[in-house]
Undergrad: 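Pasting in a structure now, in structure tokens, and then I'll have a few things to ask.
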Amino acid sequence: MARLNPKILNLSDGERDQLQQLINRHNTPQQIALRAKIIVMGSEGQNHREIARNLDINRQTARLWRNRWLETEGKELSIEQRLQDSERVGARPKFSMEQVIELFALACSPPSDYGRPISHWTARELANEIIKLGIIESISVRHVGRLLEEAELKPHQSRYWLTPLRTKNLTQKLKILLVYTSMRLSGIFRENVQYPLMK
């Protein structure tokens, strides 16, 4: 049975020059430089086995990047974008946005409102209380800490800007948190902006 030769990669002079620049540049990530070498060698007529042997890689790696290059042909992508990993889907979030916002609202409320004999929330107390309220079925202390850290919430600060002084209405707090969270997710807030505490 005759073996099929892989498709030849036809590179324009501009593409070949850009690939060679990526290979020669000192600050190009190694993965990108390797992928560029695979494409250049493929355009020179080398098959997967020869590319793999010359670069000391797996044949499947050579095949993957040749095929990926051919798939992205004709798309309006830069050379470097064509050599990037494809986006990974990942696991679905375990908690809904509403549950996370309720956790944030709880973190911004005084523990005494929930019958807790403590002055400030800890991640453990928050995890226990949110499970007790039935908002979340189970959550680890560590995950609560990560969520609070991502939102830059520090429950040990009793007068938080997210907790208006005269507001005990949970829906109003949730509205404030919803606006805050949607702005954070859309990238409106920058990391270096400092938010004043309410007085």
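Along the sequence shown, the residues carry numbers beginning at 1. Keep in mind it's a predicted model, so treat the numbers as computed, not measured.
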Undergrad: Does any N or O in the side chain of Glu50 come within less than 3.5 Å of the main-chain N or O of Asn47, such that one atom is a donor and the other an acceptor?
TA: yes
Undergrad: Using side chain to side chain donor-acceptor pair (under 3.5 Å) as the criterion, list what pairs up with Thr28, not counting sequence neighbours.
TA: Arg25
Undergrad: Please report the shortest heavy-atom distance between Gly145 and Ala123, naming the atom on each side.
TA: N-CB, 4.2 Å
Undergrad: For atom CG of Asn27, decide whether the heavy atoms of other residues, nucleotides or ligands shown that lie under 6.0 angstrom number more than 12.
TA: yes
Undergrad: Checking Arg16 now: which residues fulfil side chain to side chain contact (heavy atoms under 4.5 Å, CB included) with it, not counting sequence neighbours?
TA: Leu11, Val40, Ser43, Glu44
Undergrad: Rounded to the nearest 0.5 Å, how far apart are CG of Leu22 and CD of Glu80?
TA: 5.0 Å
Undergrad: With the side chain counted from C-beta on, respond yes when Ile32 and Gln84 share a heavy-atom pair under 4.5 Å apart, and no when they do not.
TA: yes
Undergrad: With side-chain contact (heavy atoms from CB on, under 4.5 Å) as the criterion, how do Ile135 and Leu106 come out once you've worked through the C-alpha distance, each side chain's angles and the decisive distance to 0.1 Å?
TA: CA-CA 11 Å; Ile135 296 168; Leu106 181 64; 5.9 Å; no
Undergrad: Check side chain to side chain contact (heavy atoms under 4.5 Å, CB included) between Glu76 and all other residues, then give those that pass, not counting sequence neighbours.
TA: none
Undergrad: How close do Glu73 and Asn10 get, heavy atom to heavy atom, and via which atoms?
TA: OE2-O, 4.1 Å
Undergrad: Give the C-alpha distance, both sets of side-chain angles, the deciding distance and a yes or no for side-chain contact (heavy atoms from CB on, under 4.5 Å) between Ile79 and Ile39.
TA: CA-CA 11 Å; Ile79 299 295; Ile39 301 307; over 6 Å; no
Undergrad: Side chain to side chain donor-acceptor pair (under 3.5 Å) with Asn67: which residues, sequence neighbours excluded?
TA: none
Undergrad: For a side-chain contact (heavy atoms from CB on, under 4.5 Å) check, start with the C-alpha distance between Gln20 and Ile23, then their side-chain angles and the critical distance, and finish with the verdict.
TA: CA-CA 5 Å; Gln20 203 58 53; Ile23 294 168; 4.2 Å; yes
Undergrad: Go through the structure and list residues passing side chain to side chain contact (heavy atoms under 4.5 Å, CB included) with Gln81, not counting sequence neighbours.
TA: Leu77, Ser78
Undergrad: Counting only heavy atoms not in Gln60, do more than 12 sit closer than 6.0 Å to its CD atom?
TA: yes
Undergrad: With a 4.5 Å cut-off on side-chain heavy-atom distances among I, L, V, M, F, W and Y, is there a chain of contacts connecting Val141 to Phe104?
TA: no
Undergrad: With Glu71, which residues qualify under salt bridge (Lys or Arg N to Asp or Glu O under 4.0 Å), at least two apart?
TA: none
Undergrad: How would you list, by chain and number, every residue that makes a side chain to side chain contact (heavy atoms under 4.5 Å, CB included) with Ser96, sequence neighbours excluded?
TA: Glu98, Gln99
Undergrad: Please go through Ile38's hydrophobic cluster and name the other residues, only I, L, V, M, F, W, Y counting, with side-chain heavy atoms under 4.5 Å joining them.
TA: Leu34, Met41, Ile51, Leu55, Ile57, Leu64, Trp65
Undergrad: Let me see the working for Leu83 and Arg68 under side-chain contact (heavy atoms from CB on, under 4.5 Å), right down to the final yes or no.
TA: CA-CA 8 Å; Leu83 298 174; Arg68 183 84 52 87; over 6 Å; no
Undergrad: Taking all heavy atoms of Tyr114 and all of Ser109, pick out the closest pair and write down the distance.
TA: CE1-CB, 3.9 Å
Undergrad: Would you please name every residue forming a salt bridge (Lys or Arg N to Asp or Glu O under 4.0 Å) with Arg35, sequence neighbours left out?
TA: Asp85
Undergrad: Would you indicate whether Arg142, at its atom CZ, is surrounded by more than 12 heavy atoms from other residues, nucleotides or ligands within a distance under 6.0 Å?
TA: no
Undergrad: I'd like to check the salt bridge (Lys or Arg N to Asp or Glu O under 4.0 Å) partners of Arg82; sequence neighbours left out, ordered by chain and number.
TA: Glu15
Undergrad: If you measure from CG on Asp13 to CD on Gln18, what distance do you get to the nearest 0.5 Å?
TA: 11.5 Å
Undergrad: To the nearest 0.5 Å, tell me how far Lys94 NZ sits from Ile136 CD1.
TA: 9.0 Å
Undergrad: Side chains of residues 124-132: which donor-acceptor pairs under 3.5 Å do they make with residues two or more places apart or in other chains?
TA:
| unit_1 | atom_1 | unit_2 | atom_2 | d |
| --- | --- | --- | --- | --- |
| Glu125 | OE1 | Arg116 | NH1 | 2.5 |
| Asn128 | ND2 | Arg124 | O | 3.4 |
| Glu129 | OE1 | Arg116 | NE | 2.7 |
| Glu129 | OE1 | Arg116 | NH2 | 2.8 |

Undergrad: Filter on ring pair (Phe, Tyr, Trp, His ring centres under 6.0 Å), then keep only pairs touching residues 132-152, sequence neighbours left out; what's left?
TA: Phe95-His143
